[in-house]
Protein chains: 2
Amino acid sequence: MTTHVPRARLVRNSKPLRRSDEIIDAAARVFAERGYHGTSTQAIADVLGMRQASLYYYFTSKEAALEAVCLRGTDGFVEAAEAVVKSKGAPLEKLARLIAAHLSPIETRQDYVKVFINERRYLPAASRRRLGRKTRAIERAFEHVILAGIADGSIVRGTDARLAMLAVLGMCNAVINWRPSDQGKDMARIAAQFAKLMANGLAANGGGARMARAT
Amino acid sequence: MTTHVPRARLVRNSKPLRRSDEIIDAAARVFAERGYHGTSTQAIADVLGMRQASLYYYFTSKEAALEAVCLRGTDGFVEAAEAVVKSKGAPLEKLARLIAAHLSPIETRQDYVKVFINERRYLPAASRRRLGRKTRAIERAFEHVILAGIADGSIVRGTDARLAMLAVLGMCNAVINWRPSDQGKDMARIAAQFAKLMANGLAANGGGARMARAT
DNA sequence: CCGCTTTTCGATAGACGTATAGATTCTATA
DNA sequence: TATAGAATCTATACGTCTATCGAAAAGCGG
């Protein structure tokens with residue numbers, strides 16, 4: 001049944017990463033849809049039209065595959081967030097950019113991010129801690145910007161920065177689990193409305209400085 | 001090893017529901033911690049100090065247990081939300097009450113709600129649809145109040161009500177997956193800050209009508 | 001075409017997991 | 001205390017799943 005699709009070996013990229021990328025990608029897809037424990041290695045192999053045992057040429061265990069997927073799920077997040085923090089601009093503007101930057105991978109690498117968010121808790125403690133560092137870095141970026149806003153008076157006094165950070169991130173991360181019909185919305189529009197919501201929600205002044213309206 | 005704890009049969013409640021409640025409760029606990037597919041029926045039995053096979057006296061299948069847990073996970077949500085919608089008050093005040101009402105079960109019945117939110121997708125289509133009705137009812141309640149706010153001018157024109165609803169619910173539901181240290185925060189405080197955030201975030205006027213500050 | 005490396009395959013060990021069946025024990029009540 | 005029904009147990013059938021192993025096949029430089 002499963003026709004042997006001869007693997008395109010004709011990649012310029014010298015590193016022997018192409019095939020294993022396909023494997024991770026298949027794993028991401030199935031993990032995202034059925035969850036880690038709901039996925040059998042057989043199901044991953046099926047996506048690729050290969051035999052279940054062959055996967056073990058690339059991965060030492062199913063857990064290792066989950067870790068690889070989760071790691072890619074965080075790719076870019078931290079770098080993008082920290083770049084925004086270091087950039088110039090008012091805290092509330094930075095927050096808007098943080099939100100946009102955070103939503104972007106959710107759009108472009110859905111499966112990886114979804115697995116990272118929903119399944120990382122099934123990783124063994126060691127790798128979970130490794131990933132925890134990334135999570136905390138992102139949280140820190142958001143919290144830092146909010147604290148800066150409180151400090152310079154643009155965000156209302158008495159705001160619990162950590163709580164506000166958890167609120168924004170909860171809002172943003174939830175997108176990954178929206179129904180497909182809702183996820184279909186234009187991501188730029190989502191980012192804009194989220195940013196407006198948070199900027200106005202946190203703003204200290206009575207009004208003047210409302211953000212420009214979303215397009 | 002497992003001592004036979006003679007079951008307290010001395011309940012006034014005539015219905016034979018006590019023991020099966022304990023079973024659902026144990027299932028909720030383990031499903032919440034390890035996920036549905038990560039949980040063996042043996043693990044549930046262990047919590048109760050009973051034999052794995054004995055569970056099947058109460059449930060026809062593991063899936064049925066998941067459905068029971070999920071159903072309880074929605075208990076009260078819809079009723080509370082619809083009561084708020086029907087009550088008197090300005091839309092933004094209602095929204096604040098909706099948020100508080102929505103967060104309350106998250107505090108008092110963590111395991112059930114967590115399973116409902118994270119694991120309901122593993123239910124067979126039939127029961128998933130049943131639960132979908134409840135989800136949609138809650139969403140409708142939030143959306144309805146937001147639409148009312150747009151209609152009466154208290155919420156800024158151009159707001160995408162559905163998007164705003166998804167934002168609030170995402171923010172609220174995320175609480176269930178917070179780290180224990182964050183979850184330990186006073187839930188009333190969380191509700192207050194979330195409500196303030198959304199009220200100010202959505203408010204149409206330049207400022208005047210800001211909500212009272214959180215205590 | 002040869003031999004070496006990379007990749008995939010077939011077969012299977014061994015653990016685990018769900019669910020069923022019938023025996024056994026418990027509890028309450030006549 | 002004898003009996004009926006509820007609750008739990010033991011044993012096990014039967015499927016599935018991860019991971020290993022050695023053989024086969026494919027790709028490639030000489």
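On a predicted model such as this, the values are computed, not experimentally measured, just so you know. Here is the naming used below: chain letters follow the sequence lines, and residue numbers restart at 1 for every chain. Scope of the values below: all heavy atoms of this structure, side chains included, with no hydrogens, waters or symmetry mates.
- Under 4.0 Å is where a charged nitrogen must lie from a carboxylate oxygen, and between R140(B) and E143(B) no such pair does.
- For K114(B), the side-chain contact (heavy atoms from CB on, under 4.5 Å) partners are R121(A), A32(B), N118(B), I176(B), N177(B), not counting sequence neighbours.
- Between D21(B) atom CG and dA7(D) atom C1' there is a gap of 16 Å when expressed in whole angstrom units.
- Taking Q42(A) as the reference, D46(A) meet the side chain to side chain donor-acceptor pair (under 3.5 Å) condition, with sequence neighbours excluded.
- Between dT8(C) and Y57(A), no contact under 4.0 Å exists linking OP1 or OP2 to a side-chain N or O.
- Residues meeting the side chain to side chain donor-acceptor pair (under 3.5 Å) test with D75(B), sequence neighbours left out: none.
- Atom CZ in R18(A) sits roughly 14 Å away from atom P in dT7(C) (whole-Å rounding).
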Got a list of protein N/O to nucleotides 19-22 of chain C N/O distances below 3.5 Å?
| residue | atom | partner | partner atom | Å |
| --- | --- | --- | --- | --- |
| dA19(C) | OP2 | Y56(B) | OH | 2.6 |
| dA19(C) | OP2 | K62(B) | N | 2.9 |
| dA19(C) | N7 | Q52(B) | NE2 | 3.1 |
| dA19(C) | N6 | Q52(B) | OE1 | 3.2 |

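- Every residue two or more places apart in sequence or in another chain that forms a side-chain contact (heavy atoms from CB on, under 4.5 Å) with A64(A) is listed here: F59(A), T60(A), S61(A).
- Spacing between atom CG of L48(A) and atom C1' of dC9(C) amounts to 15 Å, rounded to whole angstrom units.
- Partners of D160(B) under the side chain to side chain donor-acceptor pair (under 3.5 Å) rule, at least two apart in sequence or in another chain, do not exist in this structure.
- Counting to the nearest Å, the C1' atom of dT12(C) and the CD atom of Q42(A) are 14 Å from each other.
- Summarising the local packing, NE2 of H144(B) is surrounded by 12 or fewer heavy atoms from other residues, nucleotides or ligands at distances under 6.0 Å.
- Under the side chain to side chain donor-acceptor pair (under 3.5 Å) criterion, R97(A) pairs with S87(A), not counting sequence neighbours.
- Summarising the geometry, the separation between CG on L55(A) and P on dC17(D) is reported as 13 Å, rounded to the nearest angstrom.
- In this structure, D46(A) atom CG and dC9(C) atom P are separated by 12 Å, rounded to whole Å.
- In this structure, CD1 of I23(A) is placed 13 Å from C1' of dT6(C), rounded to the nearest angstrom.
- Considering only side-chain N and O atoms, R51(A) lies nowhere under 4.0 angstrom from the phosphate OP1 or OP2 of dT7(C).
- With the end axes of the helix from dC1(C)-dG30(D) to dA30(C)-dT1(D) each set by five pairs, the angle from one to the other reads 10° at 10° resolution.
- The nearest whole Å value for the distance from the CZ atom in F59(A) to the P atom in dT8(C) is 12 Å.
- Using a 4.0 Å heavy-atom criterion, one finds that S40(A) contacts the sugar-phosphate atoms exclusively.
- Not counting sequence neighbours, the partners of A164(A) by the side-chain contact (heavy atoms from CB on, under 4.5 Å) test are I146(A), T159(A), L202(A), Q193(B).
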